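Below is one structure; the comments refer to it alone.
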Amino acid sequence: AKADGRNTYSYYTDQLTAMARERLILEAKLRHALKHEQLECYYQAQINLTTNQIIGAELLIRWFDAERGYIAPDQFIPVAESCGLIQEIGQFVLKQACTQGQAWLKQGLPQIRLAVNVSTHQFSKGDLQQHVSRVLQQTGFPAQLLELEVTESALMEDKDRVIHTMQQLRAAGIRLAIDDFGTGYSSLAYLQQLPLDVLKVDRRFIDRITDNEDDRQISRAIIELGHTLRFEVLAEGVETAEQLALLKDMACDYYQGYYYSKPLPAEAFRQLLLAQSAM
Ligand code: C2E
Ligand code: CA
Ligand code: CA
Ligand code: CA
């Protein structure tokens with residue numbers, strides 16, 4: 001039995017070592033990818049539910065590694081957060097949004113908003129507003145067309161600080177969205193204090209709206225709550241015409257999801273935008 005215990009122990013330490021190694025490898029690979037510009041931004045259309053027009057796009061980071069192929073952000077963003085590389089990734093995506101957005105404006109493409117994900121770490125580091133303003137200035141991209149998405153959980157950290165940062169960003173003309181809404185525990189009193197423009201209803205609620213009446217009522221209540229707080233409401237992860245019809249009935253403002261378009265490389269998204277404006 002003693003020998004057995006020992007084996008179990010070494011089994012777990014081996015597992016831990018393997019996990020730690022994998023993390024280190026991923027971190028080194030990511031550092032290399034950043035340095036050699038192997039990360040790319042994809043664009044997912046955001047649609048107005050009433051006009052069916054593209055009103056914006058969310059930038060989603062993509063990493064295609066030569067050895068491993070596609071590595072999903074859910075896999076490497078947590079690693080980037082724990083080793084500090086998230087700051088550089090965030091700066092890369094922001095720069096990309098403003099540079100690409102400004103280039104499209106110059107080409108005469110329809111004006112759309114570009115939404116960038118901001119991680120908890122970036123958000124809690126005091127210099128976000130200065131950094132964003134500098135990039136806007138350098139690129140010439142209008143602040144009103146830039147939207148920053150902050151997850152509901154990121155807003156729970158240091159509340160006074162969060163409100164202060166948001167007010168600064170808002171004062172600079174930047175739009176703010178709360179991401180993955182419904183998965184955290186923000187109180188109504190707190191939400192009411194936040195200078196937000198958009199509430200993005202998490203995909204798991206949208207998934208369920210076709211299931212049964214209870215789930216449908218919960219989604220309806222979330223959308224109404226958003227409107228009561230004077231936010232615009234966007235539904236994430238819309239995959240079917242049935243979901244879309246229900247959301248329309250619930251007076252949701254915007255949606256995003258595979259039903260309309262998957263995230264696309266910049267050039268493919270530009271074509272989508274052009275095709276729409278020609279209609
Ligand atoms: P998120 O911000 O909630 O992004 C939405 C995710 O849902 C994206 O996954 C998107 O591709 C996926 N999605 C969109 N429509 C549908 C749909 O109809 N059905 C389904 N099943 N999925 C859909 P992705 O690109 O894998 O990103 C995962 C998460 O990684 C993001 O969740 C975000 O938290 C993070 N992430 C992605 N890019 C960045 C970035 O540039 N910076 C930071 N900090 N985080 C990022
Ligand atoms: Ca997002
Ligand atoms: Ca989300
Ligand atoms: Ca998410």
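Remember, it's 1-based here, ligands and their atoms both numbered in the order they're listed. Since this is a predicted model, take the numbers as computed values, not measurements.
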Could you establish whether [X] and ligand 1 come within less than 4.0 Å of each other, counting only heavy atoms on the residue side?
X: E58; value: yes
X: E236; value: yes
X: E81; value: no
X: Q44; value: yes
X: Q122; value: no
X: P263; value: yes

Heavy atoms only, cut-off 4.0 Å: how does [X] contact ligand 1, side chain, backbone, both, or neither?
X: R62; answer: side chain
X: D202; answer: neither
X: I77; answer: side chain
X: N117; answer: both

### N, O or S atom of E58 closer to the Ca ion (ligand 2) than 3.0 Å
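It does: E58 brings an N, O or S atom closer than 3.0 Å to the Ca ion (ligand 2).
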### Gap between atom CD of Q100 and atom CG of L105 - 0.5 Å precision
10.5 Å
### Query
Any N or O on I89 sitting closer than 3.5 Å to an N or O of ligand 1?
no
### Message
Geometry only, no angles: is D179 polar-contacting ligand 1 at N/O separations under 3.5 Å?
### Response
yes
### Task
Could you pull out the atom name of the N/O/S atom in D179 that is nearest the Ca ion (ligand 3)?
OD1
### Task
Measure from the Ca ion (ligand 3) to every N/O/S atom of D180 and report the name of the nearest one.
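In D180, the N, O or S atom with the shortest distance to the Ca ion (ligand 3) is OD1.
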### Task
Anything under 30° is parallel, anything over 60° is perpendicular, the rest tilted; go ahead and classify F269 against Y43.
parallel
### Message
For F64 and Y42, take the angle between the two ring planes, folded into 0 to 90°, and tell me which bin it lands in: parallel under 30, tilted 30 to 60, perpendicular over 60.
### Response
tilted
### Query
Is there a side chain to side chain contact (heavy atoms under 4.5 Å, CB included) between D253 and H227 once you walk through the steps?
CA-CA 10 Å; D253 303 292; H227 285 151; 2.8 Å; yes
### Message
For R68, is there an ion pair with E22 - N to carboxylate O distance below 4.0 angstrom?
### Response
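A salt bridge is present here (some side-chain N lies under 4.0 Å from a carboxylate O).
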